[in-house]
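Since the structure comes first, as structure tokens, the remarks are kept for the end.
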Amino acid sequence: MLASMWTVKVVSLGVVALSLSLELLFWLFSHRRSERATNKVLFFPSEVACVEHIFSPTLPHSHVCSLPHGVDTSFSRLLRYILSACSSLDLCLFSFSNMDLSRAVLLLHSRGVTVRVLTDKVYSAINGSQIGVLRKAGICVRCDVSAVHMHHKFAVVDGRMLITGSLNWTLTAVQSNMENIIITEEPDLVQPFLKEFCRLWGLNDSAQYLNSVTD
């Protein structure tokens, strides 16, 4: 009887020790993953500098250009984060007229990255908008069909990285305005934005909208 009791106690202690060990391993794993996750903040206006080396890394730094070279700016960092996309890029933007950002999106599209763009129907038609350029290149673009402005400014890279803040994707915002951007890989922040993008993408399906109008 005594031996059985000791056996039960030993087994119970073993279970407790195993449980504590698993909790510790989970904490260590979560902590290390959190340390590796990207969490950056960028502020604008950005210093004006040449960004050709970002699009063409093999291009000699001595190429003809009057802008400063080899300068790490908020804008150059933003371009690098966008161009890090390997499989998908989801853009939800109010205004998109910056030609370098458009060039980055077009480059990703040419690499086979799946690009989806959701934008405001009014601002997509203003002079200088890059939305027509993206559409012409074969990128899938949907305009918000609601009665209010689609005022979001965020991007989701590969479903794992969120880029969001006050910055419109315009030259004025990048070079002249006080703006901010947060880049994060924290799943608790990324997933709600990805979910909202998918919700809005479905709501603004032109075929679905046309069907509802004709019903």
Side-chain angles (χ1 to χ4, degrees), residues 33 36-40 42 51-58 75-125 128-146 149-165 167-170 173-174 181-212:
R33 186 179 65 177
R36 291 196 300 268
T38 297
N39 288 294
K40 301 292 183 182
L42 303 177
V51 294
E52 286 302 316
H53 62 287
I54 296 175
F55 294 104
S56 305
T58 59
F75 186 57
S76 66
R77 292 175 191 173
L78 173 59
L79 284 172
R80 287 192 180 96
Y81 283 121
I82 293 168
L83 288 170
S84 70
C86 295
S87 60
S88 66
L89 177 67
D90 292 327
L91 302 176
C92 195
L93 303 169
F94 175 60
S95 183
F96 189 173
S97 60
N98 187 290
M99 296 183 69
D100 283 324
L101 287 170
S102 175
R103 185 179 173 191
V105 174
L106 291 169
L107 180 57
L108 289 174
H109 177 64
S110 71
R111 292 175 180 173
V113 173
T114 300
V115 179
R116 298 185 295 178
V117 181
L118 182 61
T119 189
D120 185 80
K121 62 180 180 293
V122 175
Y123 274 75
S124 66
S129 173
Q130 292 296 300
I131 295 303
V133 175
L134 301 183
R135 275 190 167 134
K136 188 175 181 180
I139 293 174
C140 191
V141 177
R142 292 182 183 178
C143 291
D144 179 62
V145 296
S146 68
H149 280 307
M150 202 297 298
H151 211 242
H152 286 306
K153 299 129 182 139
F154 71 85
V156 180
V157 177
D158 292 339
R160 60 171 179 79
M161 179 189 292
L162 171 67
I163 302 172
T164 188
L167 187 83
N168 276 311
W169 284 29
T170 67
V174 170
I181 277 184
I182 292 175
I183 300 101
T184 181
E185 291 179 321
E186 293 294 340
D188 289 345
L189 297 176
V190 177
Q191 290 306 310
F193 276 87
L194 183 57
K195 183 178 179 180
E196 178 65 3
F197 181 90
C198 292
R199 185 186 74 84
L200 293 173
W201 188 257
L203 284 177
N204 292 287
D205 184 344
S206 58
Q208 179 179 328
Y209 175 70
L210 289 174
N211 289 336
S212 67

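Using a 4.5 Å heavy-atom threshold, the side chains of Ile182 and Leu162 count as separate. Side chains of Val113 and Ser87 form no contact here, defined as non-hydrogen atoms less than 4.5 Å apart. For the pair Leu106/Ile139, a side-chain contact is recorded, criterion being any heavy-atom separation below 4.5 Å from C-beta on. With a 4.5 Å cut-off on side-chain heavy atoms, Phe197 and Leu91 do not count as touching. Under the 4.5 Å side-chain criterion, counting only non-hydrogen atoms from C-beta, Glu196 is in contact with Leu200. For the pair Val117/Cys140, no side-chain contact is recorded, criterion being any heavy-atom separation below 4.5 Å from C-beta on. The closest side-chain heavy-atom distance from Val122 to His149 is below 4.5 Å. Put simply, the side chain of Thr164 reaches to within 4.5 Å of the side chain of Phe193, judged on heavy atoms.
Side-chain contact annotation: Ser97 with Gln130, donor-acceptor N/O pair under 3.5 Å absent. No side-chain donor from either of Thr170 and Asn168 sits under 3.5 Å from a side-chain acceptor of the other.
Listed for the Lys153 side chain is a donor-acceptor partner under 3.5 Å among the backbone atoms of His151. The backbone N or O of Trp201 lies less than 3.5 Å from a partner atom in the side chain of Arg142, making a donor-acceptor pair. Asp158 places a side-chain N or O within 3.5 Å of a backbone atom of Ser88 that can act as its donor or acceptor partner. Without hydrogens or angle criteria, Ser56 side chain to His53 main chain gives no donor-acceptor distance under 3.5 Å. Judged by distance alone, the side chain of Lys136 and the main-chain N or O of Ile131 form no donor-acceptor pair under 3.5 Å. Looking only at distances, a side-chain donor or acceptor of Asp120 sits under 3.5 Å from a matching main-chain atom of Met150.
Using cut-offs of 30° and 60° on the angle between ring planes, the pair Phe154 and His152 is perpendicular.
For Tyr123, the OH atom sits in a loose shell: 12 or fewer heavy atoms of surrounding residues, nucleotides or ligands are nearer than 6.0 Å.
A salt bridge is defined here as a Lys NZ or Arg NE, NH1 or NH2 lying under 4.0 Å from an Asp or Glu carboxylate O, and Arg103 with Glu52 meets this definition.
Of all the heavy atoms in Thr184 and Val190, the pair that sits closest is O-CG2, 3.6 Å. Counting all heavy atoms, side chain and backbone alike, Glu185 lies closest to Asn39 at N-OD1, 4.4 Å. Contact between Leu134 and Val105 at its shortest, heavy atoms only, is CD2-CG1, 4.1 Å. Scanning all heavy atoms of the two residues, the minimum distance from Phe94 to Thr119 falls at O-OG1, 3.6 Å.
Atom CG of Leu101 sits about 7.5 Å away from atom CG of Leu167, to the nearest 0.5 Å. One distance of note links CG of Leu93 with OG of Ser129; it measures 10.0 Å at 0.5 Å rounding. Atom CZ in Arg199 sits 13.0 Å away from atom CG in Leu194 (nearest 0.5 Å). Note that CG of Leu89 is 10.0 Å distant from CZ of Arg116, once rounded to the nearest 0.5 Å.
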>> Using the rule given for side chain to side chain contact (heavy atoms under 4.5 Å, CB included), can you reason through Val174 versus Trp169, listing the C-alpha separation, both sets of side-chain angles and the distance that settles it, and then say yes or no?
In response: CA-CA 7 Å; Val174 170; Trp169 284 29; over 6 Å; no

> Where do Arg160 and Glu186 land on the salt bridge (charged side-chain N to carboxylate O under 4.0 Å, His left out) test, with the steps shown first?
Replying inline: CA-CA 8 Å; Arg160 60 171 179 79; Glu186 293 294 340; over 6 Å; no

>> Between Asn204 and Cys143, is the side chain to side chain contact (heavy atoms under 4.5 Å, CB included) condition met? List the steps.
In response: CA-CA 7 Å; Asn204 292 287; Cys143 291; over 6 Å; no

>> Applying side chain to side chain contact (heavy atoms under 4.5 Å, CB included) to Leu83 and Leu107, what does each step give before you reach the verdict?
In response: CA-CA 8 Å; Leu83 288 170; Leu107 180 57; 3.9 Å; yes

> How far apart are the C-alpha atoms of Val157 and Ile82, what are their side-chain angles, what is the distance that settles it, and do they pass the side chain to side chain contact (heavy atoms under 4.5 Å, CB included) test?
Replying inline: CA-CA 7 Å; Val157 177; Ile82 293 168; 5.6 Å; no

